[in-house]
K.L.:
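So that we are looking at the same thing, I have put the structure below in structure tokens.
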Amino acid sequence: MNGQPLSIFQISGRAMSAQLVRLNTTASNLANAGTVASSPGEAYRPIKPVFRTHFDDAAAGVATVDVEQVVTAGTEPTKRYDPGNPLADADGNVWESGVDESAELIDMMETARNYQNNVEVLQTAKDLILNTIKLGS
């Protein structure tokens, strides 16, 4: 940064941004659950964000999180015999995305809770600042 330590607002804001990326990847995975393709290469593969801890050089022991990248992860597409499907290959097979809907829903709930926790941190910090200002008046 600019030599100044990260504020609680910056720390929570970065964490909320990371959780928003996580929520968007989970939503994308859920939206593509059950989709099929004519080959394993064309089938949807689940995506996940990779987080990296960001240590604040200006304040020892203070850290937050950044999204380093979004990668494909999870199970491979599964082959299913469905000769009536217009996407079926010559052998009558389609490839279904390897999205585990239950795991994605659990991930979505965890992400929403983490996001809400950071909202509460910001609200508490704001309340403390306002109460401190009131003490000085």
K.L.:
Donor-acceptor pair, Asp56 side chain versus Leu6 backbone, under 3.5 Å?
P.N.:
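Such a contact is found between Asp56 side chain and Leu6 backbone.
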
K.L.:
Test question: given the 4.5 Å side-chain rule for I, L, V, M, F, W and Y, name all other residues clustered with Tyr81, or answer none.
P.N.:
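When side chains under 4.5 Å apart are linked, Tyr81 ends up in no cluster with other residues.
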
K.L.:
If hydrophobic clusters are built by linking Ile, Leu, Val, Met, Phe, Trp and Tyr wherever their side-chain heavy atoms come under 4.5 Å apart, do Leu23 and Leu105 end up in the same one?
P.N.:
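Same hydrophobic cluster.
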
K.L.:
Going by the rule side chain to side chain contact (heavy atoms under 4.5 Å, CB included), which residues pair with Ala73 if we only count those two or more places apart in sequence or in a different chain?
P.N.:
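Ala73: side chain to side chain contact (heavy atoms under 4.5 Å, CB included) contacts with Lys48.
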
K.L.:
Could you walk me through whether Leu30 and Met108 pass the side-chain contact (heavy atoms from CB on, under 4.5 Å) check?
P.N.:
CA-CA 10 Å; Leu30 284 170; Met108 184 175 279; 3.6 Å; yes

K.L.:
List for me each residue that meets side chain to side chain contact (heavy atoms under 4.5 Å, CB included) alongside Ile129, sequence neighbours excluded, and say none if there are none.
P.N.:
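Here the qualifying residues are Phe9, Ile133.
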
K.L.:
Which pairs, with at least one residue in residues 65-74 and sequence neighbours excluded, count as a salt bridge (charged side-chain N to carboxylate O under 4.0 Å, His left out)?
P.N.:
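The answer is Arg14-Asp66, Arg52-Asp66, Arg52-Glu68.
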
K.L.:
When you measure from the side chain of Thr75 to the backbone N and O of Gly98, does any donor-acceptor pair fall under 3.5 Å?
P.N.:
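Looks like yes, one N/O pair under 3.5 Å.
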
K.L.:
Can a side-chain donor-acceptor contact be found between Thr26 and Asp107 if the only test is distance below 3.5 angstrom?
P.N.:
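Yes.
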
K.L.:
Would you find a donor on one side and an acceptor on the other, under 3.5 Å apart, between the side chain of Asp91 and the backbone of Asn93?
P.N.:
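It does not hold such a pair.
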
K.L.:
Quick one: side chain to side chain contact (heavy atoms under 4.5 Å, CB included) partners of Asn131, sequence neighbours excluded?
P.N.:
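Side chain to side chain contact (heavy atoms under 4.5 Å, CB included) list for Asn131, sorted by chain: Lys134.
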
K.L.:
Is it the case that one hydrophobic cluster holds both Met109 and Ile106, taking links as side-chain heavy atoms less than 4.5 Å apart, direct or via other members?
P.N.:
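Per the 4.5 Å side-chain linkage, Met109 and Ile106 are not co-clustered.
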
K.L.:
Going by salt bridge (charged side-chain N to carboxylate O under 4.0 Å, His left out), name the pairs with one or both residues in residues 110-133, residues two or more places apart or in two chains.
P.N.:
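Those involving residues 110-133 are Arg22-Glu110.
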
K.L.:
Checking the side chain of Ser97 only, and the main-chain atoms of Gly34 only, is there a donor and an acceptor separated by less than 3.5 Å?
P.N.:
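Yes, because the side chain of Ser97 sits within donor-acceptor range (under 3.5 Å) of the backbone of Gly34.
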
K.L.:
Checking one residue: Val21. Which other hydrophobic residues are in its cluster under the side-chain 4.5 Å linking rule?
P.N.:
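Hydrophobic cluster check, Val21: joined to Tyr44, Ile47, Phe51, Val65, Val67, Val70, Val99.
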
K.L.:
Would you say the side chain of Tyr115 lies within less than 4.5 Å of the side chain of Thr111, judging by non-hydrogen atoms?
P.N.:
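No, too far: nothing below the 4.5 Å cut-off.
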
K.L.:
Report yes if the side chains of Asn29 and Glu101 come closer than 4.5 Å at any heavy-atom pair, otherwise no.
P.N.:
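Of all side-chain heavy-atom pairs linking Glu101 with Asn29, none is under 4.5 Å.
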
K.L.:
With Ala63, which residues qualify under side chain to side chain contact (heavy atoms under 4.5 Å, CB included), at least two apart?
P.N.:
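Result, side chain to side chain contact (heavy atoms under 4.5 Å, CB included) vs Ala63: Thr53, Phe55.
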
K.L.:
Please enumerate all residues that pass salt bridge (Lys or Arg N to Asp or Glu O under 4.0 Å) together with Glu76, with sequence neighbours excluded.
P.N.:
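Glu76 satisfies salt bridge (Lys or Arg N to Asp or Glu O under 4.0 Å) with Arg45 once adjacent residues are dropped.
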
K.L.:
How would you list, by chain and number, every residue that makes a side chain to side chain donor-acceptor pair (under 3.5 Å) with Glu96, sequence neighbours excluded?
P.N.:
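So Glu96 forms a side chain to side chain donor-acceptor pair (under 3.5 Å) with Arg80.
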
K.L.:
Would you mind listing the cluster partners of Leu87? Hydrophobic ones only (ILVMFWY), side-chain contacts under 4.5 Å, chaining allowed.
P.N.:
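Other cluster members: Val36, Val94.
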
K.L.:
Rest of the hydrophobic cluster containing Trp95 (Ile/Leu/Val/Met/Phe/Trp/Tyr, side-chain heavy atoms under 4.5 Å)?
P.N.:
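ILVMFWY cluster around Trp95 holds nothing else.
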
